[in-house]
Asks: 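First, the structure itself, so that you have it in front of you.
All figures in this text were calculated on a predicted structure; none of them were measured in a lab. Protein chains get the first letters and strands the later ones, always in sequence-line order, with residue 1 at the start of each.
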Amino acid sequence: MCGRFVMTHPPDALARIFDAQPDNDLPEGPNYNVCPTVQVHAVTNADGTRRLQSLRWGFVTFWAKALNDGPLLINARAETIVEKPTFRDAAKKRRCVIPASGFYEWTKDAEGNRLPWFIHPPDDAPLAFAGIWQVWDKGEAPVTTCAIVTCAANDTMGRIHHRMPVILDGKDVARWLGETDDPAAPLMRPAPEDSLGMYRVDPAVNSNRASGPGLIAPLDTA
DNA sequence: CCAGACGTTGTT
DNA sequence: GTCTGG
DNA sequence: CCAGACGTTGTT
DNA sequence: GTCTGG
């Protein structure tokens with residue numbers, strides 16, 4: 001799955017790469033420890049214009065009476081996203097792209113300790129996570145929330161985890177955002193085997209308070 | 001009809 | 001064990 | 001996602 | 001709000 005990631009690209013670089021109009025309240029980076037419930041960058045296209053927005057990571061279902069009414073939905077399963085009442089409207093009409101410079105996954109050792117891995121793209125370009133978003137308007141102020149779509153792991157990722165985020169190829173971003181006539185559903189598939197690298201990092205990142213580039217330094221596991 | 005779930009992950 | 005916070 | 005709190009009474 | 005279970 002995907003429950004923690006890295007964003008080191010500045011907002012203006014993201015706006016340029018994704019050809020989107022940036023909002024003026026975007027998180028400034030770099031952030032080597034992007035956690036659920038924080039504001040993240042998202043590329044949306046609700047009305048014909050591509051925007052780079054700041055959205056709260058942790059999807060709130062439309063019937064929720066409070067922000068914490070139910071578990072935090074940081075992911076949505078690709079296999080069922082178009083059927084589940086919680087997700088289907090957003091999957092149909094409010095898809096977004098959540099950029100990431102890389103992300104973390106965890107394995108466990110024999111003692112049950114959590115061992116973090118950093119998974120990264122082959123170059124300096126950000127990954128494009130497939131996401132969905134929705135405005136939750138039952139509280140004092142509206143909150144716009146989002147979730148990252150997950151799918152089965154490919155063989156590479158399968159070495160450490162059985163799920164992975166849906167990562168869009170650059171040429172498929174427009175299609176995912178609904179800017180073309182092609183259906184978006186076929187894009188919800190595991191990334192190609194050679195498209196990601198991974199290595200162990202220091203368990204310091206296990207804490208949501210940790211920060212800094214040291215979190216993605218390769219761990220010497222020899 | 002009403003009451004209660006609805007969602008994810010991992011773990012059992 | 002379960003919930004909250006980040 | 002992981003880490004850390006979680007509860008009462010009375011006393012300091 | 002909408003669907004399922006009873």
Asks: Which part of the nucleic acid does W106(A) contact within heavy-atom distance under 4.0 Å: base, sugar-phosphate only, or nothing?
Replies: sugar-phosphate

Asks: Taking C-beta and beyond as the side chain, do H41(A) and S54(A) meet within less than 4.5 Å on heavy atoms?
Replies: no

Asks: In whole angstroms, how far is the C1' atom of dG1(E) from the NZ atom of K65(A)?
Replies: 10 Å

Asks: Quantified in whole Å, what is the P atom distance between nucleotide dT12(B) and nucleotide dC2(D)?
Replies: 14 Å

Asks: State the dot-bracket string of DNA chain D. Criteria: Watson-Crick or G-U wobble, both atom distances under 3.5 angstrom; notation: ( ) intrastrand, [ ] crossing earlier pairs, | interstrand, . unpaired.
Replies: ||||||......

Asks: When all nucleic acid strands are considered with a 4.0 Å heavy-atom cut-off, which category describes R88(A): base, sugar-phosphate, or nothing?
Replies: sugar-phosphate

Asks: Take atom CG of D89(A) and atom C1' of dC3(E), then tell me their distance rounded to the nearest Å.
Replies: 14 Å

Asks: For D123(A), does the CG atom have more than 12 heavy-atom neighbours from other residues, nucleotides or ligands under 6.0 Å away?
Replies: yes

Asks: May I have all residue pairs that pass salt bridge (charged side-chain N to carboxylate O under 4.0 Å, His left out) and include part of residues 30-58 of chain A, sequence neighbours excluded?
Replies: D23(A)-R51(A), R50(A)-E179(A)

Asks: Rounded to whole angstrom, note down the P distance from dC1(D) over to dT11(B).
Replies: 9 Å

Asks: Does F5(A) reach the side chain of I148(A), with side-chain heavy atoms less than 4.5 Å apart?
Replies: yes

Asks: In the hydrophobic clustering that connects Ile, Leu, Val, Met, Phe, Trp and Tyr at side-chain heavy-atom distances below 4.5 Å, which members other than W106(A) occupy its cluster, ordered by chain and number?
Replies: V6(A), Y32(A), Y104(A), F118(A), Y199(A), V201(A), V205(A), L215(A), I216(A)

Asks: Counting neighbours of CD on Q21(A) that are heavy atoms of other residues, nucleotides or ligands and sit closer than 6.0 Å, is the number greater than 12?
Replies: no

Asks: Across the strands shown, which category fits F87(A) at heavy-atom distances under 4.0 angstrom: base, sugar-phosphate, nothing?
Replies: sugar-phosphate

Asks: For atom CG of D124(A), is the number of surrounding heavy atoms from other residues, nucleotides or ligands below 6.0 Å larger than 12?
Replies: no

Asks: If we take the P atom in both dT8(B) and dT4(E), what is their distance in whole Å?
Replies: 16 Å

Asks: Do W57(A) and T37(A) have a side chain donor and acceptor closer than 3.5 Å?
Replies: no

Asks: Classify the side-chain pair R77(A)/T150(A) by whether it contains a donor and acceptor separated by less than 3.5 Å.
Replies: no

Asks: Round to a whole Å and report the spacing from CG of N206(A) to P of dG6(C).
Replies: 18 Å

Asks: Expressed in whole Å, how much space separates the C1' atoms belonging to dG7(D) and dT2(C)?
Replies: 14 Å

Asks: Using distance only, find each side-chain donor-acceptor pair of residues 126-138 of chain A under 3.5 Å and give its atom names and separation, not counting sequence neighbours.
Replies:
unit_1	atom_1	unit_2	atom_2	d
Q134(A)	OE1	R94(A)	NH2	2.9
Q134(A)	NE2	V60(A)	O	3.1
W136(A)	NE1	A64(A)	O	2.9
K138(A)	NZ	F62(A)	O	3.1

Asks: Which of these, L73(A), T80(A), T61(A), sits in a side chain to side chain contact (heavy atoms under 4.5 Å, CB included) with F87(A)?
Replies: L73(A)

Asks: From CD of E83(A) over to C1' of dT2(E), roughly how many Å is that when rounded to an integer?
Replies: 15 Å

Asks: Heavy atoms within less than 4.0 Å of DNA chain C: which residues of residues 27-40 of chain A have one? Give them sorted by number.
Replies: C35(A), P36(A), T37(A)

Asks: Provide the start and end nucleotides, 5' to 3', of the part of DNA chain D that has atoms under 4.0 Å from heavy atoms of chain A.
Replies: dC1(D) to dA3(D)

Asks: Whole-Å distance between dT4(C) P and D69(A) CG?
Replies: 11 Å

Asks: Would you find a donor on one side and an acceptor on the other, under 3.5 Å apart, between the side chain of H120(A) and the backbone of F103(A)?
Replies: no

